[in-house]
There are 2 protein chains.
Amino acid sequence: MITLLIEPEELKGDSVEIRGDNYKHLFRARRLTRGSEIRVVDGRGNARWSGVEEIGPKSARLELGDSAPSNEPEGRISLFVVPPKPQRLAVLVEKTTELGVSAIYLISSVRNARTVVSGEMARLGRISRSAVEQSHRSFLPQICGPHSWSDSVDLIAEFESFWVLDPTADRRPEDVAGSSQGLVVGPEGGFTTEELAQLRQLGGDRIGLGARILRTETAAIVGTALLLGD
Amino acid sequence: MITLLIEPEELKGDSVEIRGDNYKHLFRARRLTRGSEIRVVDGRGNARWSGVEEIGPKSARLELGDSAPSNEPEGRISLFVVPPKPQRLAVLVEKTTELGVSAIYLISSVRNARTVVSGEMARLGRISRSAVEQSHRSFLPQICGPHSWSDSVDLIAEFESFWVLDPTADRRPEDVAGSSQGLVVGPEGGFTTEELAQLRQLGGDRIGLGARILRTETAAIVGTALLLGD
C-alpha cells in the first residue's frame, strides 16, 4: 500500500493531478502503472482510495473513489518539547509522527532556549510529511515554535489536561487517560524549580517513565506511545 | 550524577585508576574536582559509589565505596532485529539501551540480509556504552550478529517466551507478561510467510502496536518500552 499526502481541496474532487516530486517518486522511482491503487490523504484526517487513470510524461491523473481508513489514533496528543540538538529533534519528529502525535510545539526553558532556524523547521516539516505517508496516517501534525517560555505557558494553559514528564514521578502514563492531552517534555537537566511550579499551578501533574534517565527525544517518543496506548 | 562504565574486575577493588578518554572527559571537559562523587558500574548490573581521591596530570584515582542502585528494569528483554540502515540502527541501539534492553541480536531475513561491517559494530558498541552512562544503567547490552536466518532461528528457539511484532496482530505488548522475553522485529515489508511460520512453530505469538505502520527502529523502541513496562 502507498499513502500519498495531497492538498485538502484536492481530496474533495473526483480526480487529482500528480506532478513534480510526487510524480517522480511514484512513476519514475516506484514505477507505478495504470490501475495501481493509492491511498490519498489530506493531512487533516481524511483518506480516500484512488486509482492511477492516466500517466503522462510529466504528470499523472488519479481518480478518487471511496473513503479509506484514517488509521488515526482515538486520542489526541500534543507534545510540548524543549528541542534537543537538530539530529535528535529530527528523530523525535519522525518517530512521534509515526506513532500518531497531533501537534509538536517547540518551547523554551531557562536551561535550553536554542534557536531553530527556518531551514530546520522546513526540514522537520518534510520529515513529518514523509512519516505520515510511511506510517499510513491521514493527519499531518502541525510543528511550530520555538515559543518563548511565557508564550509556551499560555499555549499549555489552553489544554484541559496535560502531563509533565519527570523522572522522579511515580505515576505512569498508562495510569492516566483522556481523549485530548498535552505532554510536556523538558530539556536535558530538567525544568527549573520555578518552571515546574508554574506548570503545576496550571494543573499539570507529573508522570514518569521508570528508573532510567532518558534523553529528551526518547522520553517524548515513549511518552507519546504510552499515552496513546493503541 | 555521573555514571562511569569500568571493567568488571575493577569494580571489585578498593580503588580504580582513570586514564585515557575517561580521564580527559571527566577531568578536562567536565572538570571534576577532588571529592566529586561518581557512580561506577561494571556493565554486568553492578554499581558502586566512588569519590575522586587524587587527580594527576594524566590519570586520576577513585576510591570505591558502598553499592549504588543498579537502575535496571525487573524484566529482561532480548531484541532480535533485522537491521535497518546504519543511522536508523544506531538510533535503535541508543534508544533501546536507554530503555533497558538486555541484548540485541542482529538477524537476517529473506527481505533483508545486509552485511554489518566490523566498523559499524564497533560504533554501535560505543553508542550503547554511552547510552548506559547517559541513562544511569549498570548493565551493558550485548550486541551481536548479523546471524544467518538458520542461526537466528536457533538463537530465538532458546527463549522460553518470545513475541513477534506484527502490524496485523490484535494482542498488545501490555497484555503479555514474563520476566525474560525475546522480541523479534522483522524488516520493513515484514517477514516472509515461511519465516513467520517457522517462528510460530517455535512458539512465538504475534503482538501488534496499533493501526499505524512503524519503521523497524520505531517498532523496536516502542515494543521494548511496552514490554518492560517500568
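Quick note: numbers below take in every heavy atom, side chains included, and nothing from hydrogens, waters or symmetry partners. Below, chains carry the letters A, B, ... as their sequence lines are ordered, and counting in each starts from 1.
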(message) Counting neighbours of CG on A/D21 that are heavy atoms of other residues, nucleotides or ligands and sit closer than 6.0 Å, is the number greater than 12?
(response) no
(request) Could you give me the CA-CA distance, side-chain angles and deciding distance for B/V41 and B/R39, then say whether side chain to side chain contact (heavy atoms under 4.5 Å, CB included) is met? (result) CA-CA 7 Å; B/V41 300; B/R39 181 175 168 274; 3.5 Å; yes
(message) Students often mix this up, so state it plainly: with edges at 30° and 60°, are the rings of A/Y105 and A/F159 parallel, tilted or perpendicular?
(response) perpendicular
(request) Flag the one option from A/T218, A/L214, A/T3 with the top tally of heavy-atom pairs under 4.5 Å to chain B. (result) A/T218
(request) Can you establish whether the number of heavy atoms outside B/D66 located under 6.0 Å from its atom CG is more than 12? (result) no
(message) The criterion is ring-ring contact (aromatic ring centres under 6.0 Å, His included); which residues satisfy it with B/F27, sequence neighbours excluded?
(response) B/Y23
(request) Rounded to the nearest 0.5 Å, what's the gap from CD1 on A/I18 to CG on A/L26? Could you check? (result) 7.0 Å
(message) Among residues at least two apart in sequence or on other chains, which ones pass side chain to side chain contact (heavy atoms under 4.5 Å, CB included) with B/E10?
(response) B/I6, B/E7, B/V16
(message) Could you check whether atom CZ of A/R111 has more than 12 heavy atoms from other residues, nucleotides or ligands sitting under 6.0 Å from it?
(response) yes
(request) Identify whether the distance between the nearest side-chain nitrogen and carboxylate oxygen of B/E98 and A/R212 falls below 4.0 Å. (result) no
(message) Please output the residues of residues 136-146 of chain A in contact with chain B, using a heavy-atom cutoff of under 4.5 Å, in numerical order.
(response) A/H136, A/R137
(message) Please rank B/T224, B/L226, B/I213 by heavy-atom pairs under 4.5 Å with chain A and give me the top one.
(response) B/I213
(request) Would you please go through residues 82-97 of chain A and name the residues with a non-hydrogen atom below 4.5 Å from one of chain B, in numerical order? (result) A/R88, A/V91, A/E94, A/K95
(message) How long is the straight-line distance from CG of A/L79 back to OG of A/S102, given to the nearest 0.5 Å?
(response) 9.5 Å
